[in-house]
Amino acid sequence: MPGVVVVGAQWGDEGKGKVVDLFTERAKLVVRYAGGPNAGHTLVVGDEKIIVRLVPSGILRTGTRCVLAQGMVIDPDRLLGEIDELISKKKLDHDSLASRLTVSDRAHAILPYHVAIDSLREKGDAAIGTTKRGVGPCYEDKAARRGIPLGAFRDLARTEKLVAAAIEAWSPVAKALGGELPSPRDVMDLVRRVRDRILPLLAETSAVVNDALVKNEDVLFEGAQGTLLDLDHGTYPFVTSSTPTSGGACTGSGVGPTRIDRVIGLVKAYTTRVGGGPFPTELTDAVGDRLRNAGQEFGSVTGRPRRTGWLDLPGLRYAVRVNGIDGVALTKLDVMSGLDEIMVCVGYETPAGRSREFPIDDLATAKPIYETMRGWKESIASAKKLADLPDAARAYLDRIEKEIGAPLDVVSVGSRRDETIVLRHPFHGGS
Ligand code: GDP
Ligand code: IMO
Ligand code: MG
């Protein structure tokens with residue numbers, strides 16, 4: 001069972017980093033296929049916490065090679081910063097770097113003018129609460145066929161022309177937003193500074209990934225963001241500019257759908273969202289604050305407080321459908337401990353009547369229909385099997401499993417590796 005995709009089923013931050021790190025103990029490759037430094041994936045080992053943004057979450061497993069595939073957008077300066085941080089924390093070393101980390105030469109470069117445009121837009125009326133990392137403008141350049149793949153850095157004269165053309169194209173936009181762009185000279189200074197360290201990491205990564213799959217080696221495709229932030233399937237226009245859903249694992253890394261064996265959907269036991277956009281089950285009361293504080297729901301990229309709310313079962317059924325989710329990793333169940341009652345959204349009231357469907361096009365007006373379930377008081381962080389959980393927690397899990405039609409593979413009850421109940425390991429059948 002070698003090709004496994006891990007995908008966020010909500011609005012991101014479901015705990016993908018933890019679960020990818022857990023699953024990849026013996027995996028050959030971990031492949032990030034979409035997004036860029038807008039992601040923040042947290043890995044906790046012992047008392048140490050590491051947040052990766054561009055580097056895949058398999059980096060702590062020394063036998064695992066990490067691939068940044070061509071569906072990603074990569075800020076080369078930030079990538080080097082992240083590598084240096086991992087080296088300073090002794091999670092990587094200079095000698096093994098090239099064998100541990102491979103970057104697609106066709107992944108597009110996020111350059112300072114992308115960041116400038118993203119930030120300028122976020123000051124205006126069109127703000128949607130992006131991470132201001134230049135992700136949207138970089139994908140825009142790619143779609144407009146004026147982007148700069150990292151492989152272009154091999155030819156400085158060519159890069160210089162591309163940079164000049166991109167800055168020229170963005171200049172009227174910057175002017176209309178009342179801001180300025182960095183000069184082509186400044187951008188080229190950056191390119192010259194980073195290229196000697198970036199070029200040795202570059203490869204045609206689709207061949208690397210397919211070779212591993214052909215040899216039947218374990219390959220994990222690490223999604224970033226989440227289903228409801230997907231450009232095609234999310235709450236448009238309050239979305240990111242890439243394809244976080246499982247289909248993106250194929251287009252973003254250059255493997256065929258026939259190579260994917262299992263899709264695991266990451267589901268947080270409640271819902272969070274960072275940035276703007278509809279969120280029907282949002283809690284703006286003391287219960288929402290409680291979830292935020294107990295779950296430490298503050299953005300790992302920007303530090304922004306995350307919006308919190310109840311679990312949305314129609315939303316999860318939608319995620320199961322658009323990703324083809326075969327199994328669920330449910331995280332942060334421990335955060336629900338201490339609540340008297342737990343509400344779950346089971347359907348929606350819409351102008352057309354009651355429905356079990358997720359009203360993706362009418363989210364701002366549709367009214368969630370809730371059912372109330374019993375809460376539990378006990379701490380559950382030390383649970384090692386389902387039988388260790390209080391009855392009310394098991395009833396909550398049973399309900400989720402039944403309603404969304406996908407089995408639970410994992411139940412996570414804390415941020416550490418050992419705070420996990422593994423019911424089905426994707427790379428070795430049982431637990
Ligand atoms: P990602 O973007 O999906 O990788 O998720 P983030 O790392 O941005 O956010 C998830 C946060 O929850 C991180 O701080 C994790 O350490 C933490 N976390 C993951 N699983 C659990 C869990 O089961 N319980 C608790 N309490 N924290 C968890
Ligand atoms: P991980 O991988 C949560 C959100 C932003 C904003 C929208 C567009 O850690 O789950 P962008 O900078 O991508 O143009 O912002 O998408 N967003 C995320 N929210 N987790 C993420 O990643 C996110 N990446 C982007 O907050 O609403
Ligand atoms: Mg995150």
Side-chain angles (χ1 to χ4, degrees), residues 11-13 32 34-41 51-55 68 71-82 85 107-144 146-150 159 162-191 193-194 198 224-226 229-231 234-242 244 272-277 298-307:
W11 276 288
D13 302 324
R32 264 281 305 269
N38 47 353
H41 295 182
I51 297 174
V52 286
R53 295 174 169 89
L54 287 160
V55 172
L68 286 76
M72 289 187 74
V73 286
I74 296 173
D75 182 325
D77 207 21
R78 283 189 184 275
L79 176 59
L80 294 179
E82 205 173 315
E85 192 186 331
H108 280 238
I110 297 179
L111 291 168
Y113 47 89
H114 296 126
V115 179
I117 292 287
D118 200 357
S119 305
L120 283 171
R121 280 182 181 152
E122 283 298 307
K123 286 188 194 144
D125 295 341
I128 65 154
T130 74
T131 59
K132 300 187 203 165
R133 294 293 185 268
V135 168
C138 184
Y139 279 118
E140 284 174 63
D141 270 355
K142 179 179 171 177
R146 59 163 189 251
I148 306 184
L150 287 170
T159 308
L162 291 169
V163 165
I167 291 180
E168 199 182 325
W170 283 114
S171 286
V173 180
K175 206 167 160 201
L177 292 166
E180 281 192 10
L181 295 180
S183 70
R185 177 195 289 248
D186 287 348
V187 175
M188 284 311 294
D189 283 349
L190 175 122
V191 171
R193 179 163 58 77
V194 297
I198 292 290
Q225 289 78 54
L229 290 170
D230 185 282
L231 189 54
T235 48
Y236 190 87
F238 298 94
V239 293
T240 191
S241 302
S242 68
T272 61
R273 170 162 212 172
V274 212
F298 298 90
S300 30
V301 173
T302 55
R304 290 178 290 178
R306 295 175 182 150
R307 299 157 68 191

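Residues take their numbers from the sequence shown, with the count starting at 1. Worth knowing before you read on, the calculation uses all heavy atoms, side chains too, and leaves out hydrogens, waters and symmetry mates.
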Does the side chain of [X] reach to within under 4.5 Å of the side chain of [Y], using non-hydrogen atoms?
| X | Y | answer |
| --- | --- | --- |
| Glu82 | Pro37 | no |
| Leu231 | Ser242 | no |
| Ile117 | Leu181 | yes |
| Leu54 | Arg78 | yes |
| Gln225 | Asn38 | yes |
| Asp186 | Pro112 | no |
| Asp75 | Val135 | no |

Residues Leu79, Leu68; criterion side chain to side chain contact (heavy atoms under 4.5 Å, CB included); working and verdict: CA-CA 10 Å; Leu79 176 59; Leu68 286 76; 4.1 Å; yes
Modelled atom types, side-chain donor and acceptor of Thr235 and Arg273, under 3.5 Å: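 Result is yes, a qualifying pair exists.
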Minimal non-hydrogen separation, Pro237 against Ile128, with atom names: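 The pair with the smallest heavy-atom distance is O-CD1, 3.8 Å.
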Between CG on residue Leu111 and CE on residue Met188, distance to nearest 0.5 Å: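 Result: 9.5 Å between the selected atoms.
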Rounded distance [0.5 Å steps], NE2 in His114 versus CG in Asp141: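 So the NE2 of His114 and the CG of Asp141 are separated by 3.5 Å.
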Asp13/Arg306 under side chain to side chain contact (heavy atoms under 4.5 Å, CB included): CA gap, chis, key distance, verdict: CA-CA 9 Å; Asp13 302 324; Arg306 295 175 182 150; 3.1 Å; yes
Residues Val163, Ile167; criterion side chain to side chain contact (heavy atoms under 4.5 Å, CB included); working and verdict: CA-CA 6 Å; Val163 165; Ile167 291 180; 3.9 Å; yes
Phe298 atom CZ, neighbour heavy-atom count above 12 within 6.0 Å: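 For Phe298, atom CZ is crowded (more than 12 foreign heavy atoms under 6.0 Å).
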Cation-pi geometry met for Arg146 and Trp170 (6.0 Å, 45°):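 That pair qualifies as a cation-pi contact.
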Short side-chain to backbone donor-acceptor contact, Arg53 and Val55, under 3.5 Å: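 No; zero donor-acceptor contacts below 3.5 Å.
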Tyr139 side chain to Gly35 backbone, donor-acceptor under 3.5 Å: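 Answer holds: yes.
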Ion pair check, Arg304 and Glu122, cut-off under 4.0 Å: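 A salt bridge is absent here (no side-chain N lies under 4.0 Å from a carboxylate O).
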